[in-house]
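Below is one structure, written out as structure tokens; comments come after it.
Throughout, a chain's letter reflects where its sequence line sits, starting with A, and its residues are numbered from 1. Because the structure is a prediction, the values reported are computed rather than measured.
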Amino acid sequence: MKIGRLLIVGLLSIRVLPALAGVEMFDFTGNVNEDRYMALISQLRCLVCQNQSLADSDADLAHDLRVEVYEHMQKGENDRQVVDFLVSRYGDFVLYKPPVKPSTYLLWYGPFVLLALGVIIVVRNIRQRGRQSETTFSQEEQARIAALLNDERDGERGK
Amino acid sequence: MPRFVRYLLPLVLFLAMAGLLYRGLSIDPRLVPSPLVGKSAPAFSLARLEDPAATLSNADFKGQVSLLNVWATWCVSCRAEHQVLMQLSKSTDVAIYGLNYKDERPAALRWLQQFGDPYRANAFDADGRVGIDWGVYGTPETFIIDKQGVIRHKHTGPLTWDIVQHEIMPLVKQLQAETG
């Protein structure tokens with residue numbers, strides 16, 4: 001029992017330690033609001049480990065950029081100004097949410113275009129099908145159908 | 001719509017998709033285009049690696065075509081690139097400057113002594129602040145700066161002799177021919 005408990009504690013601390021490693025000690029009593037800071041660094045992307053935000057990343061560069069963000073905020077800059085600074089250095093790539101501009105129109109509006117296309121195709125198909133079920137046969141055609149069906153029956157009987 | 005078009009459409013769509021995905025295979029997602037290309041080099045003034053009393057600043061780049069190479073002794077691929085820089089410094093007259101990024105002075109000086117010094121001068125960026133200003137995210141990186149002090153090109157990753165011959169030198173020659 002005791003060993004089991006120790007094991008669990010051990011395993012849990014393995015999970016916790018790396019999470020602590022990337023955190024700087026900042027003073028949030030001044031004009032930097034901690035919630036604002038956390039929100040900001042979690043929407044900025046680390047350029048070294050590209051699938052992590054600045055908040056998640058353990059990379060050296062992420063650490064430097066967190067310090068940079070903090071110091072910019074300390075100077076009284078608003079979120080927009082801090083983000084603009086990083087974008088001017090590293091490009092739109094640092095943003096998890098890319099801005100809407102001509103080169104990203106396809107990205108932002110493409111899915112809606114596809115959705116609209118899908119709706120058009122479905123509506124057309126349904127209409128066509130509706131029209132088909134309405135088709136009626138003329139007397140001539142009905143006579144031919146009856147004759148063909150009879151033929152078939154006769155054929156089967158003959159076997 | 002003729003029937004054969006209907007049957008061909010999925011094939012065409014498939015080929016278009018496959019083409020896009022195939023193209024994606026040869027794109028390196030780690031290469032992030034720098035927004036600084038075409039803009040004036042970010043201003044900086046740092047102590048020189050070789051002489052802490054002297055400074056190197058972006059004003060030193062004016063009037064000539066310069067390369068700024070970002071390097072560090074802890075950077076493994078910088079070691080491979082170093083020979084290329086040595087060769088480049090011997091074979092051309094382009095001014096190569098270094099930004100020694102988040103390094104230690106004794107280690108960096110030892111490196112230059114051991115492997116040769118291709119640089120005209122090195123700026124010593126101990127805390128990496130100038131690096132951030134230049135949008136550095138992975139050493140080695142090399143910037144080409146024209147006579148007016150405008151960044152004209154950035155190469156991320158180690159230079160090879162092939163890249164120097166086909167990418168760096170043609171642009172350097174073109175920029176040197178421009179009237180400054």
Side-chain angles (χ1 to χ4, degrees), chain A residues 24 40-41 44-54 57-75 77 81-96 98-99 101-104 106-107 110-111 113-114 117-118 120-121 124-125 127-128, chain B residues 1 3 5-6 9-10 13 16-17 20 23-24 27-44 58 68 70-78 99 101-104 125-141 143 150-151 153-154 156-157:
Chain A
E24 297 79 24
L40 198 52
I41 61 171
L44 291 167
R45 194 206 305 239
C46 171
L47 288 104
V48 180
C49 7
Q50 301 186 339
N51 287 329
Q52 285 188 307
S53 68
L54 284 188
S57 178
D58 235 356
D60 227 26
L61 183 73
H63 161 81
D64 291 351
L65 289 177
R66 280 194 295 266
V67 173
E68 194 77 26
V69 167
Y70 178 81
E71 287 181 1
H72 274 259
M73 290 176 79
Q74 213 173 22
K75 278 187 253 162
E77 291 185 9
Q81 285 168 309
V82 178
V83 168
D84 281 351
F85 169 79
L86 286 174
V87 168
S88 71
R89 270 24 188 184
Y90 291 99
D92 288 335
F93 196 85
V94 292
L95 305 172
Y96 265 117
K101 57 185 191 181
S103 63
T104 59
L106 189 65
L107 180 72
V113 172
L114 285 180
L117 270 176
I120 290 171
I121 289 172
R124 267 187 52 176
N125 270 1
R127 276 201 190 151
Q128 249 169 25
Chain B
M1 194 162 23
R3 183 168 277 182
V5 174
R6 278 197 140 170
L9 201 63
L13 282 177
M17 194 86 168
L20 273 177
R23 167 108 180 77
I27 297 174
D28 186 350
R30 278 171 303 172
L31 290 184
V32 180
S34 173
L36 291 170
V37 173
K39 302 223 173 83
S40 285
F44 73 94
N58 52 316
L68 181 71
V70 186
W71 66 284
T73 55
W74 47 260
C75 152
V76 182
S77 41
C78 297
L99 180 70
Y101 180 64
K102 300 192 78 172
D103 211 346
E104 275 155 30
D125 186 19
D127 57 6
R129 298 307 284 268
V130 170
I132 287 182
D133 238 13
W134 280 67
V136 171
Y137 66 94
T139 49
E141 291 186 7
F143 296 86
V150 174
I151 297 177
H153 182 73
K154 177 186 177 183
T156 307

Contacting region of A:L61 [heavy-atom separation from chain B under 4.5 Å]: side chain
Heavy-atom check, side chain of A:H72 versus side chain of A:Q81, under 4.5 Å: no
Top contributor to chain A interface from B:G128, B:G138, B:P33, B:G135 [non-hydrogen pairs under 4.5 Å]: B:G135
Under-4.0 Å salt bridge between A:R89 and A:E68: no
Candidate pair B:C75 and B:C78, rule disulfide (SG to SG under 2.5 Å), full reasoning: CA-CA 5 Å; B:C75 152; B:C78 297; 2.1 Å; yes
Aromatic ring pairing B:W134/B:F143, orientation class (parallel under 30°, perpendicular over 60°, tilted between): perpendicular
Under 4.5 Å from a heavy atom of chain A, the part of B:D133 involved: both
Under 4.5 Å from a heavy atom of chain A, the part of B:K39 involved: neither
Value rounded to 0.5 Å, distance of CG in A:L117 from CD1 in A:I120: 5.5 Å
Chain B contact via A:V87 - side chain, backbone, both or neither, heavy atoms under 4.5 Å: backbone
